[in-house]
Amino acid sequence: MALKVVQWATGGVGVAAIKGVLEHPDLELVGCWVHSETKNGRDVGDLIGTQPLGVIATNNVDDILALNADAVIYAPLLPDANEVAALLRSGKNVVTPVGWIYPGERQGAALREAAQAGNATLHGTGIAPGGISEKFPLLFSVMSTGVTFVRAEEFSDLRTYDAPDVVRHVMGFGDTPDKALSGPMQKLLDGGFIQAVKLVVDQAGFNADPRIRASQEIAVATAPIESPIGVIEPGQVAARKFHWEALVDGEPVVRVTVNWLMGEENLDPAWTFGPEGQRYEMEVRGNPDFTVAIKGFQGEAGDDGPEPGVVATAAHCVNSIPAVCAAEPGIATYFDLPLFSAKAAPGLR
């Protein structure tokens with residue numbers, strides 16, 4: 001019997017997740033929550049650009065809670081713990097890229113209680129795409145001993161990121177440095193990346209300060225830069241860096257960094273991606289030291305969906321569902337679940 005899945009929200013990740021569910025042999029799409037009235041009542045196939053699927057989107061939360069479903073892929077722009085608690089209490093497992101990777105006791109208490117009440121499980125996969133900031137550096141670390149430092153870092157050109165409202169109004173590009181530095185992006189990112197750092201700290205066994213040091217940097221345009229939000233003028237924000245570090249005696253032992261640039265020209269400071277270009281990079285220092293670079297997640301959106309990194313984020317959610325549904329009730333981190341993989345394409349199985 002296929003596991004019945006609901007998709008919550010149909011932004012880039014949501015659309016990619018729906019397509020992933022349709023391709024997965026062990027999953028069946030049975031519902032879809034949408035934010036806007038214009039999407040309410042429409043066939044989900046119409047929303048994702050395919051033939052009709054016979055699944056009708058709704059913006060009524062009660063409709064979703066009443067559905068007979070095994071799991072929800074919860075992918076709104078901004079998470080709401082009350083929504084997640086209601087889904088868990090209704091008996092639905094929740095997989096999400098927007099939070100709860102490794103919540104502390106206080107952060108996760110209400111959701112753990114809701115999960116127990118509904119005999120359900122919550123699993124956060126992260127947005128980087130899923131696992132690159134914590135799961136995969138730790139998995140690669142098994143090839144070293146005496147580890148002294150773990151780093152995960154993103155290098156992305158945001159000119160291919162097809163979400164102009166998010167880029168301008170949430171990420172702060174095209175704004176003044178003061179407005180960008182005081183804007184919502186640091187707080188939004190903190191929720192996921194601080195938990196990612198803490199997961200690495202605890203799994204590796206570092207005796208780190210419990211406070212994670214978060215910082216950010218800004219680069220401005222020195223000449224007009226064409227971008228998805230229009231021309232970024234000189235003096236406006238054209239690149240951002242965010243860092244999260246765990247410290248032992250004042251020295252970093254775990255660092256996660258995000259580098260977002262509108263290209264590599266006309267920036268002050270003159271940041272670049274380096275000779276390796278766009279990538280996700282993971283480094284472990286120990287015996288031996290090594291670095292792993294992953295390419296292919298950055299780039300233009302395809303004809304049938306969003307850019308590869310968004311698709312990868314959604315795919316990790318989709319492929320998690322069978323393991324999450326089989327897990328004990330509560331909050332499951334990456335290290336509470338068994339290893340799992342993607343499934344072969346429909347024509348090859």
Side-chain angles (χ1 to χ4, degrees), residues 8-9 13 17 71-81 83-85 87-88 93-112 114-115 120-141 150-154 185-206 208 210-214 242-246 253-258 280 282 297 309-310 312-321 323-325 327-340:
W8 186 288
V13 172
V72 177
I73 301 174
Y74 180 78
L77 177 60
L78 299 175
D80 184 327
E83 290 174 344
V84 175
L87 291 168
L88 292 167
N93 299 285
V94 177
V95 178
T96 178
V98 293
W100 304 289
I101 300 167
Y102 189 56
E105 286 300 318
R106 184 175 59 83
Q107 292 172 306
L111 291 175
R112 288 188 181 91
T121 303
L122 168 63
H123 174 57
T125 64
I127 61 171
I132 280 188
S133 295
E134 62 292 301
K135 176 182 179 179
F136 294 106
L138 285 166
L139 290 178
F140 283 122
S141 76
V150 178
R151 174 178 61 89
E153 190 160 359
E154 174 187 352
M185 201 67 234
Q186 179 77 61
K187 184 176 180 180
L188 288 174
L189 295 176
D190 280 351
F193 288 111
I194 286 176
Q195 290 181 30
V197 170
K198 287 184 174 180
L199 179 57
V200 176
V201 166
D202 288 352
Q203 287 292 324
F206 289 116
R211 294 167 298 178
I212 304 302
R213 183 170 67 186
F242 298 88
H243 311 276
W244 297 268
E245 296 176 306
V253 292
V254 179
R255 179 188 297 130
V256 175
T257 292
V258 172
Y280 287 86
M282 290 160 279
F297 290 145
V310 171
T313 300
H316 204 258
C317 291
V318 170
N319 291 321
S320 300
I321 290 173
V324 173
C325 288
E328 293 295 316
I331 298 178
T333 74
Y334 281 123
F335 287 85
D336 297 317
L337 299 176
L339 290 174
F340 52 85

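Small disclaimer: the values here were computed from a predicted structure and weren't measured.
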*Just by distance, do the side chain of T121 and the backbone of E328 share a donor-acceptor pair under 3.5 Å?*
yes

*asked:* Using a 3.5 Å distance criterion without hydrogens, assess whether the side chain of Y74 forms a donor-acceptor pair with backbone atoms of D80.
replied: yes

*From CA spacing to verdict: side chain to side chain contact (heavy atoms under 4.5 Å, CB included), W8, L87*: CA-CA 11 Å; W8 186 288; L87 291 168; 4.0 Å; yes

What distance do [X] atom [atom1] and [Y] atom [atom2] have between them, rounded to the nearest 0.5 Å?
X	Y	atom1	atom2	value
I73	I321	CD1	CD1	3.5 Å
Q107	I194	CD	CD1	8.5 Å
T96	I101	OG1	CD1	9.5 Å
E83	L78	CD	CG	10.0 Å
T333	L199	OG1	CG	6.0 Å

Over all heavy atoms of both residues, which pair between [X] and [Y] is shortest? Give the atoms and the distance, please.
X	Y	answer
V253	A208	CG2-CB, 4.5 Å
F340	A323	CD2-CB, 4.0 Å
P103	R112	O-NH2, 3.1 Å
P210	K198	O-CE, 3.6 Å
A246	I212	CB-CD1, 4.0 Å
V98	P76	CG1-O, 3.3 Å

*asked:* Against V95, only a single residue in V72, V318, N319, T125 fulfils side-chain contact (heavy atoms from CB on, under 4.5 Å); can you say which?
replied: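 The residue from V72, V318, N319, T125 that satisfies side-chain contact (heavy atoms from CB on, under 4.5 Å) with V95 turns out to be T125.
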
*For E153, side-chain contact (heavy atoms from CB on, under 4.5 Å) partners two or more places apart*: R151, F155, T257, N259

Check: residues 127-140 side-chain donor-acceptor pairs under 3.5 Å, at least two apart:
| from | atom 1 | to | atom 2 | distance (Å) |
| --- | --- | --- | --- | --- |
| E134 | OE2 | G131 | N | 3.4 |
| K135 | NZ | H316 | NE2 | 3.4 |

*With sequence neighbours excluded, what pairs up with F297 under the ring-ring contact (aromatic ring centres under 6.0 Å, His included) test?*
none

*Not counting sequence neighbours, which residues clear ring-ring contact (aromatic ring centres under 6.0 Å, His included) with W244? List them please.*
F193

*Non-neighbouring partners of Y102 that pass side-chain hydrogen bond (donor to acceptor under 3.5 Å, both in side chains), sequence neighbours left out*: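 side-chain hydrogen bond (donor to acceptor under 3.5 Å, both in side chains) check on Y102 returns D202.
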
*Return the set of residues passing salt bridge (charged side-chain N to carboxylate O under 4.0 Å, His left out) with R211 (not counting sequence neighbours), or none when no residue passes.*
D209

